[in-house]
Amino acid sequence: MTMLTQAPKGTKDILPGDVYKWQYLERKFREIAAGYGFLEIRTPVIEHTELFERGIGGATDVVEKQMYTFEDYGGRSITLRPEGTAGAARAYLEGKLYAGVRPAKYWYETSCFRYEKPQSGRLREFHQFGVENFGSHDMLADAEVIALADEFLRGLGVAELSLRINSIGCPVCRPVYRKQLMEYLSGHYDALCDTCKSRYEKNPLRVLDCKSPVCQGIAAGAPVMLDALCAECAEDFAALQTGLNAFGVGFEIDPMIVRGLDYYTKTAFEFVSDRIGAQGTVCGGGRYDHLIRELGGDDVPGVGFGMGIERLLLVLSESGAEIPAARRPDALVVFLNEEARGEALRLVKSLRGAGLIAEIDTAGRNMKGQFKYADRIGARCCAVLGEEELRSREATVKNMETGEQVRVRFEDAASAIGRRD
RNA sequence: GUGGGUAUAGUCAAGUGGUUAAGACACAUGGUUGUGGUCCAUGCAUGCGUGGGUUCGAGUCCCACUACCCACCCCA
């Protein structure tokens with residue numbers, strides 16, 4: 001019984017009282033993305049499971065144990081998208097968008113699904129804004145993507161997010177580094193925490209951002225990826241910083257940043273807050289030079305990010321940033337009796353036609369009830385129609401804040417009430 | 001998957017084994033047969049997440065389950 005009134009674990013309704021916040025962020029993001037020349041792309045919620053296995057990497061946590069995967073009635077293995085990049089990359093190939101302008105720059109807003117244990121800032125269904133730039137090796141593409149996120153976040157009035165960047169190398173230098181790191185860690189193996197012991201074989205890079213104090217101490221003395229970069233990667237990392245400076249984006253280098261999805265190469269970055277609990281990464285992204293090839297396309301490089309909207313909302317409320325309130329109703333048309341109702345309906349229609357938010361009671365309330373209703377919905381005015389008004393063909397317009405009343409002809413009501421956003 | 005915390009009305013809650021489970025807000029009706037928000041009056045949990053147990057007696061103690069929150073892990 002209770003199941004019927006309970007959303008599945010880790011999902012959240014966005015109730016009417018909160019929707020304006022989402023609409024505000026969506027409007028802002030759309031504006032900024034458009035200004036940077038990114039075009040919107042919409043892709044399916046479901047994809048073939050193999051897309052994520054090949055794209056994200058079969059050994060990652062996301063693919064191993066967090067995907068909502070099922071077999072459809074045609075026997076296909078289908079998965080609810082756990083992130084946005086793989087689907088965008090697939091659409092890029094399938095839509096032959098590589099035949100168009102290069103680089104191809106897209107943005108999207110999507111819901112994503114991962115089977116995880118919910119906590120603050122982590123849901124099973126969550127939403128992200130994302131952007132992808134396909135087709136450029138130039139670090140200015142990375143810098144531009146980061147600048148877009150930075151400008152967006154700054155424009156919302158969130159000051160306390162810090163941008164951390166790193167380079168995680170490429171298939172040439174990463175294996176070399178990995179070997180160095182494993183050699184170093186093997187000397188401290190017994191001291192590592194249990195999870196890091198298992199990381200040692202599977203993904204030694206992850207030991208670097210372990211939160212256990214002991215592992216942190218060990219990590220502090222570990223060789224650093226940045227020192228092990230090949231010539232090309234080192235050059236690119238320098239170019240990235242030059243680009244960010246040129247865009248006027250402040251950043252700090254954090255050699256401990258590691259991406260959890262296998263497709264990342266070179267640039268890795270995060271916008272992090274320390275005020276919204278343990279899940280502080282609001283935006284994370286980087287470069288993925290081999291994803292498209294992995295999916296069966298040509299060797300097209302890419303760079304992009306995903307930004308968690310729920311986490312962003314947490315940051316916003318934590319920082320006290322202003323979100324413009326939803327527009328209030330301009331007027332409730334109040335009618336005294338049955339006789340006045342027809343005229344009242346004509347009036348509400350004409351007010352709506354003039355672009356106002358106008359309401360009329362549809363619940364059979366008496367006059368007093370209608371005024372209460374006006375109050376509850378926050379209507380700025382009431383336009384009252386009774387016997388006198390019908391005779392004189394004038395409505396009584398009452399300002400609900402000041403209580404002041406004026407008589408206006410029906411055809412002048414819309415301009416008398418006006419519109420306020 | 002592993003830990004920790006919480007669960008009393010629509011909401012926030014008081015209640016620390018003993019008569020009828022505080023209070024506030026919200027809501028409903030009335031005070032006003034053409035005027036709301038303010039004010040006043042009245043109403044609003046045979047019930048304390050669910051199921052067991054201890055006890056003369058359980059919202060209060062014990063056990064199990066469920067849900068939510070937080071943290072690990074991982075990431076947006």
Side-chain angles (χ1 to χ4, degrees), chain A residues 1-3 5-12 56 60-66 81-85 109-130 149 161 193-196 198-199 202-203 206 209-212 257-261 264 268-273 276-286 304-315 332 334-337 339-340 361 365-390 396-405:
Chain A
M1 215 38 175
T2 48
M3 287 300 287
T5 56
Q6 195 149 43
K9 189 193 261 290
T11 66
K12 276 236 175 350
I56 299 174
T60 58
D61 275 17
V62 170
V63 170
E64 264 182 353
K65 47 192 185 194
Q66 301 185 335
R81 63 174 164 231
E83 56 93 50
T85 300
E109 176 185 0
T110 62
S111 50
C112 299
F113 302 84
R114 294 182 199 171
Y115 189 83
E116 300 199 73
K117 193 126 177 220
Q119 70 187 72
S120 182
R122 191 168 71 186
L123 295 163
R124 289 183 176 177
E125 182 193 24
F126 62 99
H127 298 77
Q128 14 176 271
F129 293 125
L161 283 174
C193 73
D194 288 348
T195 42
C196 282
S198 69
R199 283 168 174 150
K202 221 175 92 184
N203 192 351
R206 295 229 67 96
D209 61 0
C210 180
K211 278 163 192 123
S212 130
I257 287 189
V258 182
R259 301 273 76 206
L261 311 180
Y264 284 112
F269 64 90
E270 292 180 353
F271 286 84
V272 183
S273 164
I276 58 169
Q279 310 301 321
T281 302
V282 170
C283 175
F305 68 70
M307 184 182 293
I309 301 179
E310 286 86 355
R311 287 186 188 176
L312 180 55
L313 252 8
L314 287 178
V315 170
L332 176 75
V334 172
F335 54 99
L336 173 61
N337 52 28
E339 237 187 314
D361 171 60
R365 291 180 172 87
N366 62 21
M367 202 161 196
K368 178 178 167 158
Q370 291 180 51
F371 271 92
K372 273 197 159 171
Y373 179 57
D375 222 56
R376 296 289 313 279
I377 63 177
R380 286 171 37 232
C381 312
C382 283
V384 187
L385 293 187
E387 286 159 25
E388 288 172 40
E389 286 86 353
L390 286 186
T396 299
V397 174
K398 173 171 179 169
N399 180 316
M400 294 303 279
E401 269 134 47
T402 63
E404 134 194 43
Q405 305 195 33

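Note that these values count all heavy atoms, side chains included, but never hydrogens, waters or copies made by symmetry. In what follows, chains carry the letters A, B, and so on, assigned in the order in which the sequence lines appear, proteins first and then strands, with residues in each chain numbered from 1.
Lys12(A) is listed as a side-chain neighbour of Leu123(A), based on a closest heavy-atom distance under 4.5 Å.
OP1 or OP2 of rC75(B) has not a single side-chain nitrogen or oxygen of Gln66(A) nearer than 4.0 Å. At the phosphate of rC70(B), neither OP1 nor OP2 sits under 4.0 Å from any side-chain N or O atom of Gln119(A). Between Lys117(A) and rC68(B), a side-chain N or O to OP1/OP2 separation shorter than 4.0 Å is absent. For Lys9(A), a side-chain nitrogen or oxygen approaches OP1 or OP2 of rC68(B) to under 4.0 Å. When the side-chain nitrogen and oxygen atoms of Ser120(A) are compared with OP1 and OP2 of rC70(B), one or more of them lie within a distance under 4.0 Å.
Stacking of Phe371(A) onto the six-membered ring of rG37(B) is not present when judged by under 5.5 angstrom between centres and under 30° between planes.
Remark: rA14(B) base-pairs with no nucleotide in the shown strands. Criterion, Watson-Crick or G-U wobble with two distances under 3.5 Å. rC44(B) is unpaired under the Watson-Crick or G-U wobble criterion, no partner having all donor-acceptor distances under 3.5 Å. Across all strands shown, rA58(B) forms no Watson-Crick or G-U wobble pair with both key distances under 3.5 Å. Under the Watson-Crick or G-U wobble criterion, with both distances below 3.5 Å, rU66(B) is paired with rA7(B). The nucleotide rC39(B) finds its pairing partner in rG31(B), both defining distances of the Watson-Crick or G-U wobble pair being shorter than 3.5 Å.
Nucleotide rC74(B) holds its C1' atom 19 Å from the CZ atom of Phe113(A), rounded to whole Å.
Base engagement by Val384(A) is indicated by at least one non-hydrogen atom pair under 4.0 Å involving a base atom. Looking at heavy-atom distances under 4.0 Å, Ile309(A) makes no contact with the nucleic acid at all. Among the heavy atoms of the strands, none lies under 4.0 Å from Glu125(A). Nucleic acid contact for Gln405(A): base, since at least one base atom lies under 4.0 Å from a heavy atom of the residue. Looking at heavy-atom distances under 4.0 Å, Gly277(A) makes contact with sugar-phosphate atoms alone, never a base. Contacts of Glu387(A) with the nucleic acid, taken as non-hydrogen atoms under 4.0 Å apart, include base atoms. Within 4.0 Å (heavy atoms only), Arg376(A) reaches sugar-phosphate atoms of the nucleic acid but no base atom.
Here the side chain of Lys372(A) is nearest to one of rG37(B), rA67(B), rG34(B), namely rG37(B).
Within 3.5 Å, a donor on the side chain of Asp375(A) pairs with an acceptor on the base of rG36(B), or the reverse. Taking only distance into account, the side chain of Glu401(A) never meets the base of rG36(B) through a donor-acceptor pair shorter than 3.5 Å. With hydrogens and angles ignored, a donor-acceptor pair closer than 3.5 Å exists between the side chain of Lys398(A) and the base of rU35(B). Applying the 3.5 Å distance criterion, the base of rC74(B) shares a donor-acceptor pair with the side chain of Arg122(A).
Under a cut-off of 6.0 angstrom, the local environment of CD in Glu339(A) is sparse, with at most 12 non-hydrogen atoms contributed by other residues, nucleotides or ligands.
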Side chain to side chain contact (heavy atoms under 4.5 Å, CB included) for Val384(A) and Phe371(A)? Distances and angles first, verdict last. CA-CA 10 Å; Val384(A) 187; Phe371(A) 271 92; 3.8 Å; yes
